[in-house]
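In the text below, chain A, chain B and the rest are named by the order of the sequence lines, each starting its count at 1.
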Amino acid sequence: MNEASVPLSREFYARPALEVARDLLGRHVVRRIGEKALVGRIIEAEAYGGALDSASHASRGLTPRTAPMFGPPGHAYVYLIYGLHDMLNVVTGPEGEPSAVLLRAMTPVRGEAQMIAHRGGRRGRVLSDGPGKLAQAMNVSVSELNRHDLCLGERLWLAPGEPVPDARVTAGPRIGIDYAEPQDRDAPWRFIIAR
DNA sequence: TCATTGATGCGCT
DNA sequence: GCGCATCAATGAT
């Protein structure tokens, strides 16, 4: 494991989701499957949680599904949406205060051919430009990686990568949360790397 | 390039 | 039973 792929520390995650989401842009997602390593650069992320975020799963309280969000930071929260797609989140903030960041998109850095295979041969922009696509390209599933500790450097973790300056960052409302209260629906908690 | 729609399974009421 | 932090195929502009 070289310097660029050392796992981000627990302290990195133990901050407000909003701060972590912004800071995750340009960082690397590392997935190790046996001897093979897949690396992607995060280009889009969304914060969920905070005091009273009606868009967050955790706003309904602690349930078996949302339990990881209430747990210690630096763990994965993976869930299935629409019966089809796995969503990869990282748990943030102090234990007991539910929050997480959804990884929404990445670009391939290493192991692109393997990612394409995971995606059924789809390549180019559609390889990993959505949360379900990102998880599928990385072969991340609820059954294998929900609650996984991202600070171990085993199977799945995030690494320093190349942080992005503010001038390259754009914030806007989150996607697919029309059901949320207006102030949460409109909050600029989605971060992307402008191009 | 944009809008529409079916797919599909589980958590929660 | 309802609805969901989505995707891909389809058809129109």
Side-chain angles (χ1 to χ4, degrees), chain A residues 13 16-25 27 29 40 42-71 73 75-93 97-108 112 115-148 150 156 158 170-195:
Chain A
Y13 299 100
L18 208 54
E19 197 174 316
V20 175
R22 157 66 184 86
D23 200 359
L24 280 178
L25 295 180
R27 306 291 186 172
V29 189
I42 298 169
I43 61 171
E44 180 177 348
E46 283 177 355
Y48 285 88
L52 288 169
D53 177 10
S54 63
S56 172
H57 292 167
S59 66
R60 309 271 182 190
L62 198 163
T63 68
R65 181 177 68 148
T66 63
M69 287 188 72
F70 290 80
H75 289 247
Y77 168 43
V78 186
Y79 65 91
L80 192 68
I81 192 64
Y82 299 114
L84 295 168
H85 309 295
D86 295 280
M87 302 282 107
L88 172 58
N89 301 250
V90 301
V91 176
T92 58
E97 293 180 22
S99 65
V101 174
L102 171 64
L103 305 188
R104 286 196 58 92
M106 69 176 185
T107 53
E112 182 172 6
M115 296 179 195
I116 291 169
H118 289 149
R119 290 275 297 125
R122 295 177 182 85
R123 63 188 67 214
R125 286 210 68 77
V126 299
L127 176 63
S128 52
D129 65 343
K133 303 175 192 180
L134 185 157
Q136 187 177 40
M138 291 303 229
N139 198 31
V140 167
S141 65
V142 176
S143 58
E144 182 184 353
L145 291 167
N146 190 29
R147 313 196 76 149
H148 179 76
L150 301 169
L156 176 68
L158 302 188
T170 302
R174 293 168 291 178
I175 301 297
I177 55 161
D178 290 348
Y179 57 85
E181 297 296 323
Q183 71 274 13
D184 298 323
R185 180 162 41 76
D186 301 336
W189 288 2
R190 173 192 187 214
F191 298 91
I192 64 177
I193 299 180
R195 43 172 206 166

(message) Just to verify, what does R190(A) make a salt bridge (Lys or Arg N to Asp or Glu O under 4.0 Å) with, not counting sequence neighbours?
(response)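 Partners of R190(A) under the salt bridge (Lys or Arg N to Asp or Glu O under 4.0 Å) test: E44(A).
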(request) Return the set of residues passing salt bridge (Lys or Arg N to Asp or Glu O under 4.0 Å) with D186(A) (not counting sequence neighbours), or none when no residue passes. (result) none
Value in whole Å for how far the [atom2] atom of [N] lies from [atom1] of [X]:
X       : N       : atom1 : atom2 : result
R60(A)  : dC10(B) : CZ    : C1'   : 15 Å
L80(A)  : dC10(B) : CG    : P     : 7 Å
M87(A)  : dC10(B) : CE    : P     : 16 Å
H57(A)  : dG11(B) : NE2   : P     : 12 Å
I81(A)  : dG3(C)  : CD1   : C1'   : 9 Å
Y179(A) : dT6(C)  : OH    : C1'   : 12 Å
R125(A) : dC7(C)  : CZ    : C1'   : 16 Å
H85(A)  : dC4(C)  : NE2   : C1'   : 11 Å

(request) Can you measure from CE (M115(A)) to CZ (R123(A)) and round to the nearest 0.5 angstrom? (result) 13.5 Å
(request) Using only heavy-atom distances, decide whether a donor-acceptor pair under 3.5 angstrom links the side-chain of Y82(A) to the base of dA7(B). (result) no
(message) Holding to side-chain contact (heavy atoms from CB on, under 4.5 Å), I want the full list of residues that pass it with A171(A), two or more places apart in sequence or in another chain.
(response) P188(A), F191(A)
(request) Can you sort out which residues in residues 180-188 of chain A have a heavy atom within less than 4.0 Å of DNA chain C? Ascending by number, please. (result)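 Those residues: none at all.
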(request) Apply ring-ring contact (aromatic ring centres under 6.0 Å, His included) to F70(A) and list each qualifying residue two or more places apart in sequence or on a separate chain. (result)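 By the ring-ring contact (aromatic ring centres under 6.0 Å, His included) rule, F70(A) matches no residue at all.
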(request) Determine, for nucleotides 8-13 of chain C in 5'-to-3' order, which nucleotides have protein heavy atoms under 4.0 Å from the base (write B), from only the sugar-phosphate (write S), or from neither (write -). (result) SS----
Under 3.5 Å, sequence neighbours excluded: what are the donor-acceptor pairs made by side chains of residues 136-145 of chain A?
from    : atom 1 : to      : atom 2 : distance (Å)
Q136(A) : OE1    : R119(A) : NH1    : 2.6
S141(A) : OG     : S143(A) : OG     : 3.4
S141(A) : OG     : E144(A) : N      : 3.3
E144(A) : OE1    : R31(A)  : NH2    : 3.0
E144(A) : OE2    : R31(A)  : NH2    : 3.3
E144(A) : OE2    : R155(A) : NH1    : 3.4

(request) Could you pull out all residues at least two apart from E46(A) that satisfy side-chain hydrogen bond (donor to acceptor under 3.5 Å, both in side chains)? (result)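 Checked E46(A) against side-chain hydrogen bond (donor to acceptor under 3.5 Å, both in side chains); matches are Y48(A).
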(request) Evaluate the side chain to side chain donor-acceptor pair (under 3.5 Å) criterion for residues T66(A) and T63(A): first the C-alpha distance (whole Å), next the side-chain angles of each, then the deciding distance (0.1 Å), finally the verdict. (result) CA-CA 5 Å; T66(A) 63; T63(A) 68; 3.2 Å; yes
N/O donor-acceptor pairs under 3.5 Å from side chains in residues 177-185 of chain A, not counting sequence neighbours:
from    : atom 1 : to     : atom 2 : distance (Å)
Y179(A) : OH     : A55(A) : O      : 3.0
D184(A) : OD2    : S54(A) : N      : 2.9
D184(A) : OD2    : S54(A) : OG     : 2.6

(request) Taking Watson-Crick and G-U wobble pairs with both distances under 3.5 Å, convert DNA chain B into its dot-bracket string, 5' to 3', dots for unpaired and | for cross-strand pairs. (result) |||||||.||||.
(request) Step by step, work out the side chain to side chain contact (heavy atoms under 4.5 Å, CB included) result for W189(A) and L18(A). (result) CA-CA 7 Å; W189(A) 288 2; L18(A) 208 54; 3.0 Å; yes
(message) Among residues 62-71 of chain A, which ones have heavy-atom contacts with DNA chain B below 4.0 Å?
(response)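 Those residues are T63(A), P64(A), R65(A).
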(request) Scan for salt bridge (charged side-chain N to carboxylate O under 4.0 Å, His left out) pairs involving residues 48-57 of chain A, sequence neighbours excluded, and state none if there are none. (result) D53(A)-R174(A)
(message) Looking at A194(A), is its backbone amide N or carbonyl O close enough to the side chain of T170(A) to form a donor-acceptor pair, meaning the two atoms are under 3.5 Å apart?
(response)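 No, T170(A) side chain to A194(A) backbone: no donor-acceptor pair under 3.5 Å.
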(request) Check whether any side-chain N or O of D129(A) sits under 3.5 Å from a backbone N or O of A105(A) as a donor-acceptor pair, and report yes or no. (result) no
(request) Would you classify L84(A) as touching base, sugar-phosphate or nothing, given that sugar-phosphate means primed atoms plus P, OP1 and OP2, and contacts are heavy atoms under 4.0 Å? (result) base
(request) Report yes if the side chains of I43(A) and I192(A) come closer than 4.5 Å at any heavy-atom pair, otherwise no. (result) no
